[in-house]
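Positions are given from 1, in the same order as the sequence printed here.
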Amino acid sequence: MSGDLVGVWEVALSDGVHRIEFEHGTTTGKRVIYIDGKEIVRRDWMFKLVGKETFNVGSAATKATINIDAVSGFAYEYTLEINGKSLKTYMENRSKVTSTWLLNLDGIDCRVVLEKDTMDIWCNGQKMETAGEFVEDGTETHFTLSDHDCCIKAMSSGKRRDGIIHTLLVDGTEIAETTE
């Protein structure tokens with residue numbers, strides 16, 4: 001990468017945390033976008049130095065846009081939008097619709113993500129095969145990580161404001177939820 005790096009963002013999606021890097025050559029008009037170190041967009045000799053670059057991130061092809069705005073003279077501001085929302089707003093909303101757990105199994109770091117709207121479960125970028133069942137106090141979604149039995153229990157908090165509580169159990173042991 002050259003000295004034109006002007007923006008770096010970390011975006012947590014269900015399939016993992018992705019690093020987005022943006023190069024903007026204000027003298028050459030160059031724009032380059034890297035995701036996780038891999039170049040995905042390159043535009044050379046762009047005469048318009050302001051504007052937008054839209055691309056997809058992650059295995060679910062989440063829409064991302066880098067906005068390039070002139071602040072004053074030759075100073076520019078770079079902002080990242082995910083699904084049409086600022087990165088901050090997107091991450092705040094995401095924490096409401098997903099639950100994330102970080103754990104170490106057999107020496108391997110695992111990032112387990114539950115998408116509450118679809119009940120899809122992801123581990124380290126792979127969508128897991130699951131089996132759901134209704135139980136007396138809610139639901140249980142079962143899946144396997146290496147040789148470990150895992151289960152996400154969903155049960156009512158008993159309080160309307162708090163809604164449903166999701167708990168990850170690995171071999172019967174509860175794992176604390178992580179805030180990203």
Tell me, do [X] and [Y] make a side-chain contact under 4.5 Å, heavy atoms counted?
{"X": "Met155", "Y": "Thr167", "answer": "yes"}
{"X": "Ile175", "Y": "Leu169", "answer": "no"}
{"X": "Leu105", "Y": "Val170", "answer": "yes"}

Worksheet item: Any side-chain donor-acceptor pair under 3.5 Å between Asp171 and His148?
Response: yes

Fill in: Ser14 versus Arg94, side-chain donor and acceptor atoms under 3.5 Å
yes

Item to complete: May I have all residue pairs that pass salt bridge (Lys or Arg N to Asp or Glu O under 4.0 Å) and include part of residues 56-67, sequence neighbours excluded?
Response: none

Practice prompt. Name all pairs fulfilling the salt bridge (Lys or Arg N to Asp or Glu O under 4.0 Å) condition that reach into residues 140-153, sequence neighbours left out, sorted by first residue then second.
Written response: Glu140-Lys153

List in chain and number order the residues that pass side chain to side chain donor-acceptor pair (under 3.5 Å) with [X], two or more places apart in sequence or in another chain; answer none if no residue qualifies.
{"X": "Trp122", "value": "Glu115"}
{"X": "Asp109", "value": "Asn104"}
{"X": "Asn124", "value": "none"}
{"X": "Thr89", "value": "Ser86"}

Backbone of [Y] reached by a side-chain donor or acceptor of [X] within 3.5 Å:
{"X": "Ser99", "Y": "Leu114", "result": "no"}
{"X": "Ser157", "Y": "Ile164", "result": "no"}
{"X": "Asp69", "Y": "Glu77", "result": "no"}

Does [X] sit in a hydrophobic cluster with other residues, and if so which ones, taking ILVMFWY side chains as linked at heavy-atom separations under 4.5 Å, directly or through other members?
{"X": "Phe22", "result": "Val6, Trp9, Val11, Leu13, Ile20, Ile33, Ile35, Ile40, Val41, Leu49, Val50, Phe55, Val57, Ile66, Ile68, Phe74, Tyr76, Tyr78, Leu80, Ile82, Leu87, Tyr90, Met91"}
{"X": "Ile165", "result": "none"}
{"X": "Val97", "result": "none"}
{"X": "Met46", "result": "none"}

Practice prompt. Dump the intermediate steps for side chain to side chain donor-acceptor pair (under 3.5 Å) on Asp4 and His24, then the final yes or no.
Written response: CA-CA 5 Å; Asp4 294 331; His24 187 218; over 6 Å; no

Interatomic distance, [X] atom [atom1] to [Y] atom [atom2] [nearest 0.5 angstrom]:
{"X": "Leu103", "Y": "Cys110", "atom1": "CG", "atom2": "SG", "answer": "5.0 Å"}
{"X": "Asn56", "Y": "Thr62", "atom1": "CG", "atom2": "OG1", "answer": "7.5 Å"}
{"X": "Glu53", "Y": "Arg31", "atom1": "CD", "atom2": "CZ", "answer": "4.5 Å"}
{"X": "Cys123", "Y": "Trp101", "atom1": "SG", "atom2": "CH2", "answer": "11.5 Å"}

Discussion item. Using side-chain contact (heavy atoms from CB on, under 4.5 Å), reason through Val112 and Thr100 one step at a time and then give a plain yes or no.
Written reply: CA-CA 6 Å; Val112 176; Thr100 303; over 6 Å; no

Practice prompt. Report, as yes or no, whether the 6.0 Å neighbourhood of atom NZ on Lys116 holds more than 12 heavy atoms from other residues, nucleotides or ligands.
Written response: yes

Response to the item:
Sequence neighbours excluded, the answer for salt bridge (Lys or Arg N to Asp or Glu O under 4.0 Å) partners of Glu177 is none

Fill in: Ion pair Glu92/Lys96, N-O distance below 4.0 Å
no

Discussion item. Do the side chains of Lys30 and Glu23 get close enough for a salt bridge, i.e. N-O under 4.0 angstrom?
Written reply: yes

Fill in: Contact summary for Ser146 and Asp106, nearest pair of heavy atoms
OG-OD2, 3.6 Å

Worksheet, complete the sentence: Note: His166 and Ala154 closest approach over all heavy atoms is CD2-CB, 3.7 Å

Practice prompt. Apply the test side-chain contact (heavy atoms from CB on, under 4.5 Å) to residues Asn93 and Lys85: give CA-CA distance (whole Å), side-chain angles for both, the deciding distance (0.1 Å), then the verdict.
Written response: CA-CA 10 Å; Asn93 288 347; Lys85 297 180 177 85; 3.3 Å; yes

May I have the list of side-chain donor-acceptor pairs in residues 128-139 shorter than 3.5 Å, sequence neighbours left out?
| unit_1 | atom_1 | unit_2 | atom_2 | d |
| --- | --- | --- | --- | --- |
| Glu133 | OE2 | His142 | NE2 | 2.8 |

